[in-house]
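Notes follow the structure.
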Amino acid sequence: MKMVRLDKQKFNDFIRELSVEYSVYAPGKVSGKTGFIPVESGDEIDFTSTVTDMSAKSIFFPHSEVLFEYDEDGIRAAQTSHRPIAVWGMRSCDARSLVMLDRVFGSAVQMPEDEKFQDPYWKEKYNTSLIFGCACNEPLSTCFCNWFGGGPYNNDGMDVSVVDAGDVYLMEPVSEKGTDIIGKLSCYKDAAEEDKALAAKLASDADSMMIAPPDTDGLGERLTALFDEAVWEEISAKCVNCGACTFSCPTCHCFDMQDEGKGSRGKRVRIWDSCMFPIFTMEASGHNPRALSSARVRQRVMHKYSYYPENYGETLCTGCGRCVMVCPVNLDIREVLKRINVYNEQEK
Amino acid sequence: MSEWQPRILAILCNWCSYAGADLAGVSRMQYPPNIRVVRVPCSGRVDPLFIMKSLQSGFDGVLVSGCHPGDCHYISGNYIARRKFAVLKPLLEFIGIEPNRIQFSWISAGEGERFATVVTKITEDIRKLGPSTRLVKKL
Amino acid sequence: MTELPVKESSGSKKNSVLVLGAGIAGIQASLDLAEMGVAVHLIEETPTIGGRMPQLDKTFPTNDCSMCILAPKMSECVRHPLITLHIMSNLKEISGTPGDFTCRVIERAKYVDPVKCVSCGLCEEKCPVKIEDEFDVGLRKTKAISRYFLQSIPSEYTINKEHCLYLTKGVCKLCEKVCPTGAINYEDTDREIELNVGAVILATGIDPFDPIGFGQFGYHRYSNVVTSLEFERMLSASGPYGGHIEKASDGKPPKRLAFIQCVGSRDESIDRNYCSSACCMFAIKQSIIAKEHSKELEATIFYMDIRAFGKDFDKYYDKAENQYGVQFKRSKIADIKELPDGSLELKYTFENGDIQHETFDMVVLSIGLQPRMGSRELSEDLDIRLNRFGFCKSDTFHPLKTSREGVFVCGAMNSPKDIPESVVSASGAVAGAVSLLELERYDPSVSEEEEEKEKDVTGERPRVGVFVCHCGINIAGVVDVKNVAEFAKGLQNVEHSEDVMYACSTDCLETIKQRIEEHDLNRVVVAACTPRTHEPLFRDTISEAGLNPYLFEMANIRDQCSWAHMNEPEMATEKSKDLVEMGVGKARGLVPLSRLPIDIDPEALIVGGGLSGMTAALAIGDAGHDVYLIEREDVLGGNMRDIFFNFSGSDPQEFLAETIEKVENHDRIRVLLDSTIEDITGFVGNFRTVFKNVAGELEELTHGAVIVATGGNEHETSEYLYGSSSRIVTQKEFERMLHEGKFPAGKLREVVMVQCVGSREEGRMYCSRICCSKAVKNALELRKRKARANIYFAYRDIRTYGFAEEYYSELRDGGALFFRYTLENKPKVEKIRPDDPDSRIRVTVFDPVLEKDVVIDADLLVLATAIDAPEQNLELAKMLKVPLNSDGLFLEAHVKLRPVDFATEGIFVCGLAHCPKDMSESLAQAKAAGSRALTFLKKKSILAEGTIAEVRTDRCSGCGYCEEVCAYTAIEIDPEECVAVINDALCKGCGACVASCRCGALDLRGFTNQQLFSVFDSLEIEASEGI
Amino acid sequence: MSMVNNLRKTIKELLAEKKIDLFIVWEKGSLPLSATPLFITSEDEADRAVFDITCGNNLSVYFTKDRKQFSDKKVGIAVKGCDARSVVLNILEKQIDRRNVVITGVPCHGVLDKKKVLDKTDGREVLEMIDDGDTVTLKGKGYELSFDRSEILSSSCLACIYPDAQECDIFIGDARAEIPNENRLKEIKEFEALSSSERWANTRAEYEKCIRCYACRNVCPSCYCNVCFVDQNDPGWIGNTCEFTDSMIFHIIRNLHVAGRCVECGACERACPMDINLLQLNRKVAMEVKDRFGDIAGLDINGKPAMADFREDEKQDFIMG
């Protein structure tokens, strides 16, 4: 595959050209917080943060999404825009998360092959999307993407991999869609050999900045073995069970459905939910299988590092570090995983 | 209806304000037909959330009325209510909800005329403000 | 439905009572009797119940709205199945013996069929005859066909036959023509009925003094001189001027207002040498209210003495003076002159003889209270005696008995009274009446059979029936009723909708029942008039059709729609649709409610063995219930043991001895002397008390009611050198001195009495009420024994209210000297020989008449010391969870209408524990407390309200806010489970706890969050775009 | 440092004398700007206890977690002035048994607000922070910044008048009583001075950010309902969507629910991942409660919470005349 270079001075042209066919999303600031926002020109993009405050998942899986509306005349599907989505500037951790989410929304492993449910709301957006990733040259101290097979220059989930090389962006298509688009757009030139060398240098520099991961092999099994252990009480002691971690997480995807209606008119809305909330598992009878905080914290950890890997062969965590940053009580997932390791060896 | 007509929810306590509203009617006092009355036992029953919900639901204004201090059929329900409103109203004004959208009054069983006056006043106030938009939830 | 005694009068004399007069006293007496299971015939002369109270705008000292507090009682009274109301009726004769009277009653013709009349008012509108409105004391006109006042109960119209053109001249009949229901009946005649009853209670009340023949103040000559009653109507928001005070001369609001006190009171020249007791407070109230209407207004009260002697009255007086700036001028009005601009020039004389002139815009005559017109005739008809002023005669020890056995009196009929005292006397009279009856305890709960008849609607989807009432043209004349009914058909869950001519008519009620059957309706909405009057009727109707009565909702499209928007028919129709939609919204979520029975233990506990406690014990014991009378001391009698005289000359000690004997020998009363209460737990009907008995052992009692009669203490003063000399004594000590004839050595020539020792000043901002009368009484006794003694009074206001005024005059006329002192200039007291414990006392007091100090070397100084609340009240109040006021006195549920009840059901108060009062008043209140307790004890069970709060314990975090905000102590936090627990017996269903519960753990049945949300959400409102 | 040593010593003593089963305190967090709660049950853990500018968490929140998890334990807790008021409030509201808690006051000179720090660094990551009492120095990749400590203090601390516990069993050092603070209501008054529509625009912009993660609620010691009203669904009080009206009403009602109960510790604002200036409304409400009812939440252990109380002669200027 060929690498191309985009002069940053031409970045606006690039976005404009992309906008002809796509709704373009890119990192931007809303009221001081960074996330992925719809843009029409490069000027609206704010690319200063390594990890945006909010992840990119809400582009495809919004916090509140109307599924359908109803009235006396019947039920109508929610109105959606049919323009495909292009996302610019997704870090490897976010791009990888989309792959993980797509498995859930599009090819749930629990279902037989011919009955696999394709979530239309996700699929419609995701399948036609175009992801321009952006490698991290300066990973943060909270980044731990290298723990689970990722890395600052990992390309999973991207259609085009982008490297910020000073005055230019170096782009390399990593999927068919990526190749197509690179072929279609006009505002860049083929990359030179030095460019490729620079990209490789930046990649290895970035990799070297990452802190060496602990041993995560067999983490799932270890967790399963600890299911009934008191360690969860210790780990969860400081957790206040808010949803800051789950809502900022690029891979958390639990939702609730609510009907909002008045008389005979209304709509059904899918809303983010969090396994941290006590009512998440509240049953109609009033019984709550995860009434205690420890059970909920365990669930979150198990889901990410045991259940999902069991089903799909990789963890449901891309190591973006957002949960580490937002946790109001500094319950650091990295510390939790280390503690699991230690507990296994020493105390069990 | 051709012209915009505000719809105002009035939450009235059973013993004083609702009786005052009845008296206004019995006395054939005329006031604007824009209020929609909900009867509750006591102003003390009124949860501030009722007011928020009504605004969200699209009412253009809300009036809550109970017995004058000291008159409460339930001894002190209106005092309990008053504390809630004393906090709610400044808070809503603080965030920028128009002050006249939500109003509180004391109307006794004998104050039919006052009821008519209060309703006239709040209707005029809200007509001036125009349709409520700030907390309305569109379905 | 229930096992209530039948209300048929004849042949059931043993459990029926006739009450004459349906003012507040008559209403209270009827309600108390009916609650005990007694059938009541309530006879009222006018076309409505309510008496004088509805004429009042506000009531003192709380400024409660009079109608707000009275209306619920009125409707309760008229709805009670055991009360038969006879309006426009007069009692003509009582024959037979106590326990078995036959009463002849004339029911006057009403000329309007009350069953057909829907109170639409068309007749009044069309009637051509204007007459003076009695209710608004002539300030506005009414018609020959009318209702007495707008909120009359019953609300039906009647024809005034003296003025009706057809009935007097045979022409007109306009009302008949316009009446939509054919309710007019010119053929109606007076009817005579005979009622067989066991006892009679008279409560005919009072009339205001009519100053018209009393030239001095220019009433009816000067347009801006009005009576206090007229002024009250002016102040009233529902009055003729809509609450705007206007001068008759020019319609402008007055700026300077004068109140002249004692018009028709304390006036020997017109044979009214009694104090009307209420007018001082009435004037203070009116001045405060007038000032509230307009801040610029200046009010001056011209008075002789301000008699603010009731509970918290002095604080009110103080508020008027210091907070509202009302001027108080102690002076005599010499003359009033009308100036050309209609203002009035008052000439008045101060105590020192100074004469002043001052101009006012309006003068209010504080008219006194006098016996009701026709009371002399009535007394002859009924063979009862009156006192010299024409009030019904009763004696000190039996204040609620008339001269005829079995006939009781209450309210202001036997002496001028304000509202709470009338209410007290009414309940008290009931105690007398029930002692003549044979009453069984009864069970008001719904029988199982009845319960089974009720259709189970749980799990059914709502099937709502809507009935939209035309109310003749009352609604249909404005609202497009058919359109509304049609609209309702389209609403979610509405199974049936129709318009009906008169929803409340018998045939329509049948229709509703049929439709419930036909369409299998499980919720009913009636869009008609106000639920405040009609909800009970419709609830009964759907109940007869097998639906739980709470599955009903009303939309008020008459009182609050068609009547209020008569000129905007389209908008009124739109509003009606919305109201129906909201009604359906509420109805959708309604669920059946039941009123759970709470068993009642038949015994009563009375705390305190003084006169009040003993009297209450006898009232309950005589009604056949066991009573525990607990007393800390080793002897019964309390403060009464120190009382030896009274004005009437009868012997208090003899009466006390009789009472103690009756109590001690009563087979229903267990006297527990030398005993102290350790703990009281439980609630109405189910109290449990642990006390330490005479042997020092703990004993436990169970009982259904508690009466607090803990009395009061004489204030221990250190003022005026008390304690330093044998010649300085309190009135209590002085009374014993008089009784025992043991006076200080030597001649007793100069006796000084100082009033208000410890009362009405910092630390005790209340009047001890009885000290003035007591001092006067003792002074008169002294006069009897030592005719040559000179008696001097140092006082602030002489408060010999009621008939005690006569004795005050007697003393004054007999030469006693009175010096008024002020707080700033109290009498000075010194011992002539400081070291001698028997020294004579030199009293220096400023005489405001002579404007100089007067020095008296007294042989005896008698101090009228205050009455204190016992300190133990606090502990008892905590145990009972009832409140004390800032003076340490027990605080009743409502100072006007529930003067012996606590907000917490099943607990009552009487005597000095409530506030200072005299012997007769204590007796009346003790009987009242007994009666009120019997309204519970006479039932085997009481029914909890249907609309009460409930807890979802899984949501409750036990923060205790609900407990704090509940005025009825109906919620407690269970200390073990840390969750709120509601006592169904005590919950009144106000919902304050529900709205105060952040956790959503509480809800109010009948007004649940869900139900109310569905009302707020029911309307389709075109939402505007958010900005 | 001696303060922290004294704190550690106190914890050890309490544990050694078996006066407590557990001590709740802060320890150094995994990030330079964070401290993290620490639950000490044995003396050897006590040396991990710290108290510094990073210790923003109001630890009293843990008493009501999992339905009063410590109800059968004797608990010691380290508190700042605001935290102490939370403890008092929870005692008044029967969530904590006074007899079972050893309130240990620590002298507070304010805690930092991470957002303010990141504003200082233009969003650059902080790798090290040094607080010398007056000046704070931040270090990161390629930069070092020093500035006045007050510039990064939480808005709650800037308005604080009770930095130290007014009700406590032990105080590490000398507790200060109420301290003057002229600027206490400055921001509120300034906001009030804006026009109604300006205020609305402002509020809307802030609360539109809300992602309904409920971190504000969950770190709040006054928010301990078993099921928060917003989570209840029979009936559902308000929607859980991110639609502005739903979020706004959630916050309005939450504010009313903590009216007279909010100790203005600022935990909510610091916890908000979307940087909403949550405390502004809380402080406005607290100001009204103080003005109208004379109450300051959690100050009087013998008092009654404001919203469970009333006085007959209260100001009622908001009632239609």
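A note on names: the letters A, B, ... follow the listed sequences, proteins ahead of strands, and every chain is numbered from 1.
One distance of note links CD of C:Q560 with CZ of B:F115; it measures 5.5 Å at 0.5 Å rounding. With rounding to the nearest 0.5 angstrom, the CG atom of C:N556 is 10.5 Å from the CG atom of B:L12. Distance CZ/C:R532 to CH2/B:W15: 8.0 Å, rounded to 0.5 Å. Between atom CZ of residue C:F1013 and atom CG of residue B:L49 there is a gap of 5.0 Å, rounded to the nearest 0.5 Å.
Of the residues considered (C:S155, C:S996, C:A555, C:G1006), C:S996 shows the highest number of contacts with chain B, using heavy-atom pairs under 4.5 Å. Your options are B:G77, B:A21, B:C67, B:C16, and the one with the most heavy-atom pairs under 4.5 Å with chain C is B:A21. The most heavy-atom pairs under 4.5 Å with chain B, out of C:V1015, C:L579, C:L1012, come from C:L1012. Between chain C and the options B:K84, B:R83, B:Q56, the largest number of non-hydrogen pairs under 4.5 Å is found for B:K84. In terms of non-hydrogen atom pairs under 4.5 Å with chain B, the most contact-rich of C:T62, C:N567, C:L1019, C:D578 is C:D578. For chain C, the option among B:V119, B:N78, B:D47 with the highest count of heavy-atom pairs below 4.5 Å is B:D47. Interface remark: of the candidates C:K988, C:H894, C:M67, C:K988 forms the most heavy-atom pairs closer than 4.5 Å to chain B.
For B:N14, the parts lying near chain C are the backbone and the side chain together; criterion is any non-hydrogen pair under 4.5 Å. The contact between B:I35 and chain C is made by backbone and side chain atoms together, counting heavy-atom distances below 4.5 Å. With a threshold of 4.5 angstrom between heavy atoms, C:R147 approaches chain B through side-chain atoms but not through N, CA, C or O. Both the backbone and the side chain of B:V37 come within less than 4.5 Å of a heavy atom in chain C. Interface remark: C:A71 contributes no atoms to any contact with chain B (heavy atom separation under 4.5 Å). Contact of C:C529 with chain B is not made at all, since no heavy-atom distance falls under 4.5 Å. Interface residue C:M582: only side-chain heavy atoms are found under 4.5 Å from chain B. Both the backbone and the side chain of B:R39 come within contact range of chain C, each with at least one heavy atom under 4.5 Å from a heavy atom of that chain.
Environment of NZ in B:K121: crowded, with over 12 heavy atoms of neighbouring residues, nucleotides or ligands closer than 6.0 Å. Environment of CD in C:E570: sparse, with no more than 12 heavy atoms of neighbouring residues, nucleotides or ligands closer than 6.0 Å.
Taking both residues in full, the closest heavy atoms of C:M566 and B:Q30 are given as N-OE1, 2.7 Å, listed atom of the first, atom of the second, then distance. The shortest heavy-atom contact between C:C65 and B:A109 is SG-N, 4.2 Å. Looking at every heavy atom in both residues, B:V40 comes nearest to C:F1007 through CA-CE2, 4.0 Å. C:A967 and B:S76 get closest at one heavy-atom pair: CB-OG, 3.6 Å. When all heavy atoms are compared, the tightest approach of B:I75 to C:A893 is CG1-O, 4.3 Å. The two residues B:Y74 and C:C990 come nearest to each other via the heavy atoms CG-CB, 3.1 Å.
For C:E574 (side chain) and B:P33 (main-chain N/O), no donor-acceptor pair under 3.5 Å exists by modelled atom type. Of the possible donor and acceptor atoms, none in the side chain of B:H73 sits under 3.5 Å from a partner among the backbone N and O of C:I69. Using a distance-only test at 3.5 Å, with no hydrogens or angles considered, no donor-acceptor pair links the side chain of C:E568 to the main chain of B:P32.
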- request: Report the C-alpha separation of C:K58 and B:S108 in whole Å, then their side-chain angles, then the decisive distance to 0.1 Å, and conclude whether the side-chain hydrogen bond (donor to acceptor under 3.5 Å, both in side chains) test is met.
  value: CA-CA 10 Å; C:K58 299 275 165 62; B:S108 80; over 6 Å; no
query: Does the pair C:H565 and B:Y31 meet the rule for a side chain to side chain contact (heavy atoms under 4.5 Å, CB included), with working shown?
result: CA-CA 7 Å; C:H565 317 306; B:Y31 54 83; 3.4 Å; yes
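Annotation: side chain of B:R45 is in contact with side chain of C:V994 (closest heavy-atom distance under 4.5 Å). Put simply, the side chain of C:D559 does not reach to within 4.5 Å of the side chain of B:L23, judged on heavy atoms. Looking at heavy atoms from C-beta onward, C:P531 lies in side-chain contact with B:Y18 at the 4.5 angstrom threshold. At a threshold of 4.5 Å between non-hydrogen side-chain atoms, the residues C:E581 and B:R36 do not count as touching. The closest side-chain heavy-atom distance from C:N1009 to B:K53 is not below 4.5 Å.
Using bins of under 30°, 30° to 60° and over 60° for the plane-to-plane angle, the ring pair C:F1016/B:F50 lands in the tilted bin.
Salt bridge C:E125/B:R28: absent, no basic N to carboxylate O contact under 4.0 Å.
Between the side chains of C:N63 and B:D71, no donor-acceptor pair of N or O atoms lies under 3.5 Å.
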